[in-house]
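Here is the structure we will look at, set down as structure tokens.
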4 protein chains.
Amino acid sequence: MSKSFGVALLGAGRMGMEHARTLLGIAEARVLAVADPNLQAAEAARLLLRAEKIYPNPEEAIHHPGVEAVVIVTPTDTHARYIELAALTGKAIFCEKPVAKELGETRRVLEVVEQKGVPFQIGFQRRYDPPYAQAKSKIEAGEIGPVEQFIAVMRDPAPAPLEYLRTSGGLFVDMAIHDIDCARFLVGEVEEVQAWGTVRVDPRIGEIGDVDTTNLSLRFANGALGVIQNSRRAVYGYDVRTEVFGARGKLVMDATPKTPLWQYGSGINADHYHFFMDRFKEAYRLELEAFFRSLSQGVAPTPGPQDALESLRIAVAATKSLREGRVVRLSEVV
Amino acid sequence: MSKSFGVALLGAGRMGMEHARTLLGIAEARVLAVADPNLQAAEAARLLLRAEKIYPNPEEAIHHPGVEAVVIVTPTDTHARYIELAALTGKAIFCEKPVAKELGETRRVLEVVEQKGVPFQIGFQRRYDPPYAQAKSKIEAGEIGPVEQFIAVMRDPAPAPLEYLRTSGGLFVDMAIHDIDCARFLVGEVEEVQAWGTVRVDPRIGEIGDVDTTNLSLRFANGALGVIQNSRRAVYGYDVRTEVFGARGKLVMDATPKTPLWQYGSGINADHYHFFMDRFKEAYRLELEAFFRSLSQGVAPTPGPQDALESLRIAVAATKSLREGRVVRLSEVV
Amino acid sequence: MSKSFGVALLGAGRMGMEHARTLLGIAEARVLAVADPNLQAAEAARLLLRAEKIYPNPEEAIHHPGVEAVVIVTPTDTHARYIELAALTGKAIFCEKPVAKELGETRRVLEVVEQKGVPFQIGFQRRYDPPYAQAKSKIEAGEIGPVEQFIAVMRDPAPAPLEYLRTSGGLFVDMAIHDIDCARFLVGEVEEVQAWGTVRVDPRIGEIGDVDTTNLSLRFANGALGVIQNSRRAVYGYDVRTEVFGARGKLVMDATPKTPLWQYGSGINADHYHFFMDRFKEAYRLELEAFFRSLSQGVAPTPGPQDALESLRIAVAATKSLREGRVVRLSEVV
Amino acid sequence: MSKSFGVALLGAGRMGMEHARTLLGIAEARVLAVADPNLQAAEAARLLLRAEKIYPNPEEAIHHPGVEAVVIVTPTDTHARYIELAALTGKAIFCEKPVAKELGETRRVLEVVEQKGVPFQIGFQRRYDPPYAQAKSKIEAGEIGPVEQFIAVMRDPAPAPLEYLRTSGGLFVDMAIHDIDCARFLVGEVEEVQAWGTVRVDPRIGEIGDVDTTNLSLRFANGALGVIQNSRRAVYGYDVRTEVFGARGKLVMDATPKTPLWQYGSGINADHYHFFMDRFKEAYRLELEAFFRSLSQGVAPTPGPQDALESLRIAVAATKSLREGRVVRLSEVV
């Protein structure tokens with residue numbers, strides 16, 4: 001069994017606890033410190049993980065003796081700060097998306113990461129979801145030939161709280177970015193985008209200057225065309241479907257129903273995923289396992305800084321397209 | 001059993017023979033005359049249908065004694081002429097789409113139809129396909145609430161011959177129009193469109209000024225957003241999938257696999273539809289049955305002249321958007 | 001187009017009308033006479049089919065001038081009589097299953113058929129259902145290797161009326177016989193059977209000496225093992241599933257859902273077949289088309305007399321096993 | 001976070017390591033000792049689990065200081081001995097099925113367990129598989145009404161080594177017992193069985209007096225009928241399907257395909273589960289989590305001693321039925 005790495009878990013909220021449970025089962029990870037301003041939450045995670053110490057302040061946890069890697073699950077607008085500090089102190093970094101909502105800040109922080117040469121993985125978990133990972137392999141093996149069309153649908157069960165949305169960076173930066181990363185992962189770089197958006201779900205989302213229902217057209221550098229369709233609300237649960245069409249075939253990733261149990265009564269019925277943590281539970285585990293396996297093997301984890309940056313550039317371009325009512329070329333977004 | 005109508009079948013090609021087999025089983029229809037310049041084909045249809053006479057020229061067949069209805073399955077650019085003649089002589093008309101490729105001609109001919117007050121049905125068969133027809137009922141019953149998003153995918157197994165494509169009016173007018181009609185049927189009127197297209201399948205399609213791979217964004221009058229994605233080639237067969245998303249649920253129409261037979265060997269395998277006549281065989285039967293049932297009941301058949309015209313307007317707007325690289329409002333297309 | 005055969009349709013009840021609609025669309029068939037003691041029903045079928053004459057008595061219709069083939073859809077206990085008369089007068093015969101409920105009568109009548117050399121097809125429509133027909137081809141092509149296990153499930157939506165059940169010959173002869181024929185069709189001859197049955201659905205079914213819920217084990221001559229499970233009632237509709245397992249793979253025939261429309265709301269929902277005429281609509285059409293195609297081509301139609309007889313022998317053996325509480329070898333049933 | 005229990009893991013083979021990985025992620029379990037005659041395997045597990053000590057002999061590990069619970073994953077014929085020792089020394093016991101292959105030994109050991117009052121759980125993992133667990137809840141909630149029919153199919157990808165099979169107790173005791181437990185879990189107690197078996201897969205299996213292809217009929221105390229069909233080989237992988245039919249509906253548990261990825265090329269293709277550890281990976285985790293949760297909560301774990309005993313009685317009855325060629329009542333098996 002290989003070396004285990006000392007870990008600081010930054011954030012013990014809902015997603016932090018999910019990562020904590022995964023970390024418990026990863027032999028290469030020993031969580032030493034847990035940080036959360038909510039000390040009760042931090043202590044719960046510490047007990048689960050048999051960690052040494054809790055801190056209200058993530059910065060202190062980064063400095064905890066023996067910490068070699070940080071898992072950042074703090075609120076979005078603090079990511080950049082802890083990434084930077086972790087990089088400067090030479091820690092390996094796993095961080096939930098995004099690095100930051102602004103391109104400038106994102107680029108600045110990722111430059112620190114690259115200068116310091118620390119391993120960095122961004123939490124685009126979908127790349128580790130088995131159907132997506134298999135699709136990637138099949139595409140790379142040429143099983144569907146050159147990709148020509150891409151369709152991604154993602155709908156959340158319900159909008160996040162307005163307070164969160166107000167500072168989320170907008171639907172494309174906050175939500176569509178998962179589909180955008182998926183598009184880059186499965187198809188390639190994007191050259192231009194055209195976004196349409198509207199408010200169908202909650203008028204207050206419009207009042208804060210955002211949209212909740214969108215169509216995002218993508219033109220890829222390799223000539224393929226794509227579309228991403230998002231909504232902030234789906235009464236039946238969390239809806240994620242991706243289709244990649246190529247000259248020699250098509251791949252469809254669609255995880256319904258949730259449980260392989262069919263009930264015959266009034267017609268045929270099955271259940272549906274209700275929540276992203278539910279749908280991507282396995283992916284969340286696999287991405288963290290992959291991160292520590294990369295550390296053990298001394299290879300760069302993936303998706304890395306460039307993936308974090310490029311997906312944000314596309315999301316920013318989409319936001320610009322929406323606001324300006326025109327096609328935006330990625331070269332315009334610097 | 002109700003009265004049967006004397007019918008002239010205009011066109012005895014592949015689709016004409018399909019309609020002939022359907023007509024054979026419709027008690028309300030007695031085919032009296034068959035027209036086709038290919039007299040062998042006409043005679044085969046006549047024998048099948050025990051019709052009275054064949055004609056090389058459809059115009060003569062329209063005038064055959066006792067003919068009260070015409071089923072027009074002739075080449076596209078002859079539709080308008082036979083619709084007009086049939087209308088002027090007071091026949092009920094079933095015509096394969098389109099009336100004509102140009103808006104002006106379409107409008108002119110449909111005005112004759114309306115002035116003469118003859119029953120007219122355009123061959124958008126998908127409205128009669130059971131999943132689409134059921135979806136329509138469910139939407140009208142409010143089962144998914146107000147519609148917010150629409151996605152339609154249609155891919156042909158292989159491009160039509162170049163000779164055909166050269167005069168087809170372009171992908172949107174020739175092919176996407178089925179999805180466009182479907183959008184109007186299931187969601188409502190369209191206010192603006194934005195089309196992207198590219199040539200991935202065959203460079204000769206580009207040389208004749210057309211595209212073979214497209215993304216068409218739709219903004220509906222009721223505020224919903226939609227996308228239609230088409231390709232002229234899918235190696236696995238004929239691909240048709242439609243998804244309508246609303247505030248209270250989602251409907252997905254997707255007819256795969258073709259045969260409810262699963263083979264377990266190297267994984268799990270099933271077959272796929274290979275051709276539109278295969279996929280929509282039942283719909284082609286149901287639409288003709290509905291046409292004659294409308295005649296028997298003295299009600300207007302559907303989809304009618306307005307549906308033929310409006311779907312073409314949207315296709316023309318899409319073509320304009322593609323050429324001019326901008327969003328086109330339907331109000332621009334007159 | 002080939003010669004058409006003069007037909008007498010015997011029986012214009014629910015199934016008779018279904019066959020009438022199919023006959024209307026078969027160019028090789030011209031229905032001349034329709035027989036049914038219910039003259040209104042007979043006249044409705046005559047009008048649909050533009051037949052020449054109706055008769056209250058099927059025997060007269062068989063003698064109608066020009067009749068070359070009979071389609072027998074009369075009550076079960078009259079089949080034998082009309083088969084015999086039709087055979088004696090040299091007509092081709094399509095008859096709904098069964099020939100008769102008793103082996104002796106069945107054998108006697110089929111001997112007349114064979115002596116007279118008239119074409120004879122028994123209405124085991126499932127052989128023409130596309131998944132079953134394809135499965136047969138795949139098995140014959142060796143795609144799943146030697147068959148080792150067989151499972152068939154069939155459940156009716158609700159028990160037939162008690163009056164009918166009383167003279168039906170019992171569940172195995174009346175209902176399981178379709179699965180039995182399917183077993184012979186897909187696997188081969190049966191050597192021994194062991195039946196269990198119970199009354200779960202309606203105690204009156206027990207009172208008339210029958211069962212409504214059964215397990216029938218089959219041992220095939222080629223060494224394979226099988227099971228047929230039937231029930232007289234399924235609240236969700238008509239349930240038919242067949243699985244054939246071989247040394248190199250498995251085939252599953254299962255036609256759910258009925259309509260390729262998925263509704264997402266409270267979970268995922270689809271509809272189910274409600275009735276055998278609904279589930280096997282296409283098979284009923286295909287079997288009659290095949291019968292007339294056989295006549296046209298001068299080949300023996302299938303399934304034929306031997307299939308009618310052997311399936312009944314197995315059903316009789318199953319009934320004997322149930323009554324005597326022991327394994328019954330087919331060689332005991334003569 | 002609740003108390004954690006000191007654990008001895010007995011067995012570090014393939015399944016032992018699977019349980020080890022699960023134990024790593026269970027906060028209520030601290031593995032202190034690992035036992036395996038293969039010391040390298042034991043050491044690998046120890047390192048993963050950061051356990052204190054390894055032993056070649058499970059008996060020593062049971063006595064390791066601080067051990068409060070044992071997880072028994074040793075070869076089948078040693079289970080009884082370690083269960084007995086663990087019970088006598090007051091440890092909680094999780095044991096892979098079976099307790100022993102003989103009823104007498106099983107009963108004797110379980111009596112020790114009951115006398116000592118130690119918690120005991122038998123490894124019928126399928127009860128914790130989400131579709132099976134949900135089906136149980138739905139049945140108990142009356143969603144399908146009284147159960148009337150049961151069908152279970154299980155096929156292994158390939159026979160276990162002949163050496164293993166020789167002492168396995170036969171197909172019913174070794175393999176069908178999972179479906180038998182499932183039948184008891186979902187339907188209830190069994191009153192009589194009738195087994196048929198044959199050798200289709202490997203003649204050497206016949207030479208050692210066993211069968212590889214079986215049909216097992218079950219008559220339940222509540223009047224329902226069931227069938228279990230097993231095979232020692234399925235070329236496409238591990239095949240598990242269960243159907244429970246009741247007066248008000250039907251539940252089907254069928255986990256295909258493995259990955260929610262559909263490939264369209266030559267037809268539609270998906271992958272299949274290849275192995276039981278693959279198919280029931282989640283169930284293996286959930287059953288161990290449930291065991292430790294029971295310990296924490298001070299409630300009896302389930303399935304317990306009675307479930308271990310009763311399933312074996314049915315398997316023994318099936319074996320007797322196969323050998324004697326007759327229906328065997330459970331009351332005959334004491």
Side-chain angles (χ1 to χ4, degrees), chain C residues 143-155 191-202 206 211-220 222-237 239 241 243 245-252 254 256 272 321 325-327, chain D residues 143-155 191-202 206 211-220 222-237 239 241 243 245-252 254 256 272 321 325-327:
Chain C
E143 290 192 27
I144 63 164
V147 173
E148 296 173 357
Q149 292 183 317
F150 171 84
I151 305 175
V153 170
M154 178 170 48
R155 301 185 182 108
E191 262 187 9
E192 58 184 40
V193 302
Q194 204 264 358
W196 279 7
T198 182
V199 177
R200 297 280 102 189
V201 175
D202 186 340
V211 291
D212 53 35
T213 301
T214 58
N215 243 20
L216 172 59
S217 297
L218 308 172
R219 192 186 298 272
F220 293 89
N222 60 17
L225 299 180
V227 70
I228 294 172
Q229 204 176 64
N230 296 124
S231 169
R232 285 287 190 185
R233 179 260 294 117
V235 292
Y236 49 88
D239 194 357
R241 187 183 189 274
E243 174 170 332
F245 172 79
R248 289 209 289 278
K250 177 170 87 157
L251 295 167
V252 176
D254 192 358
T256 54
H272 191 271
S321 169
R326 64 175 182 90
V327 171
Chain D
E143 290 193 28
I144 63 164
V147 173
E148 296 174 356
Q149 293 183 315
F150 172 83
I151 305 174
V153 170
M154 179 171 46
R155 301 184 182 108
E191 261 187 9
E192 57 183 40
V193 302
Q194 205 264 1
W196 280 5
T198 182
V199 178
R200 297 280 102 189
V201 175
D202 185 341
V211 290
D212 53 35
T213 301
T214 58
N215 243 21
L216 172 59
S217 297
L218 308 172
R219 192 186 297 272
F220 294 89
N222 60 17
L225 299 180
V227 69
I228 293 172
Q229 204 176 64
N230 295 124
S231 169
R232 284 287 190 185
R233 177 260 294 118
V235 292
Y236 49 89
D239 193 358
R241 186 182 190 275
E243 175 170 330
F245 172 79
R248 289 209 290 277
K250 178 170 88 159
L251 295 167
V252 176
D254 192 359
T256 54
H272 191 270
S321 169
R326 63 175 183 91
V327 171

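We name chains A, B, ... by the order of the sequence lines, and we start the count at 1 in each one.
Listed for the D:Gln149 side chain is a donor-acceptor partner under 3.5 Å among the backbone atoms of C:Asn230.
With chain C as partner, the option from D:Gly226, D:Gly145, D:Gly325, D:Pro146 having the largest number of non-hydrogen pairs under 4.5 angstrom is D:Gly226. Of the listed residues (C:Thr198, C:Ile144, C:Val201), the one with the most heavy-atom contacts under 4.5 Å to chain D is C:Thr198. The most heavy-atom pairs under 4.5 Å with chain C, out of D:Glu148, D:Arg248, D:Arg326, D:Arg155, come from D:Arg155.
Scored by the side chain to side chain contact (heavy atoms under 4.5 Å, CB included) test, D:Ala152 finds D:Phe150, D:Asp179, D:Ile228, D:Thr242 as partners (sequence neighbours excluded). Checked against ring pair (Phe, Tyr, Trp, His ring centres under 6.0 Å), D:Tyr236 has the following partners two or more places apart in sequence or in another chain: B:Tyr264, D:His272.
Proximity to chain D (any heavy atom under 4.5 Å) is restricted, for C:Leu218, to the backbone atoms N, CA, C and O. Heavy-atom distances place no part of C:Asp212 under 4.5 Å from chain D, backbone and side chain included. With a threshold of 4.5 angstrom between heavy atoms, C:Arg219 approaches chain D through its backbone and through its side chain. Residue D:Val153 touches chain C through its side chain alone, counting heavy-atom pairs closer than 4.5 Å.
The residues C:Glu243 and D:Arg241 are annotated as not salt-bridged, no charged nitrogen and carboxylate oxygen being separated by less than 4.0 angstrom.
When every heavy atom of D:Val327 is checked against every heavy atom of C:Gln194, the shortest pair comes out as CG2-NE2, 3.8 Å. Taking every heavy atom of both residues into account, C:Leu225 and D:Asn215 meet most closely at CD1-N, 3.9 Å. Among all heavy-atom pairs drawn from D:Ser231 and C:Phe245, the shortest one is OG-CE2, 3.7 Å. Shown here for D:Asp239 and C:Lys250, the closest heavy-atom pair between the two residues is OD2-NZ, 2.9 Å.
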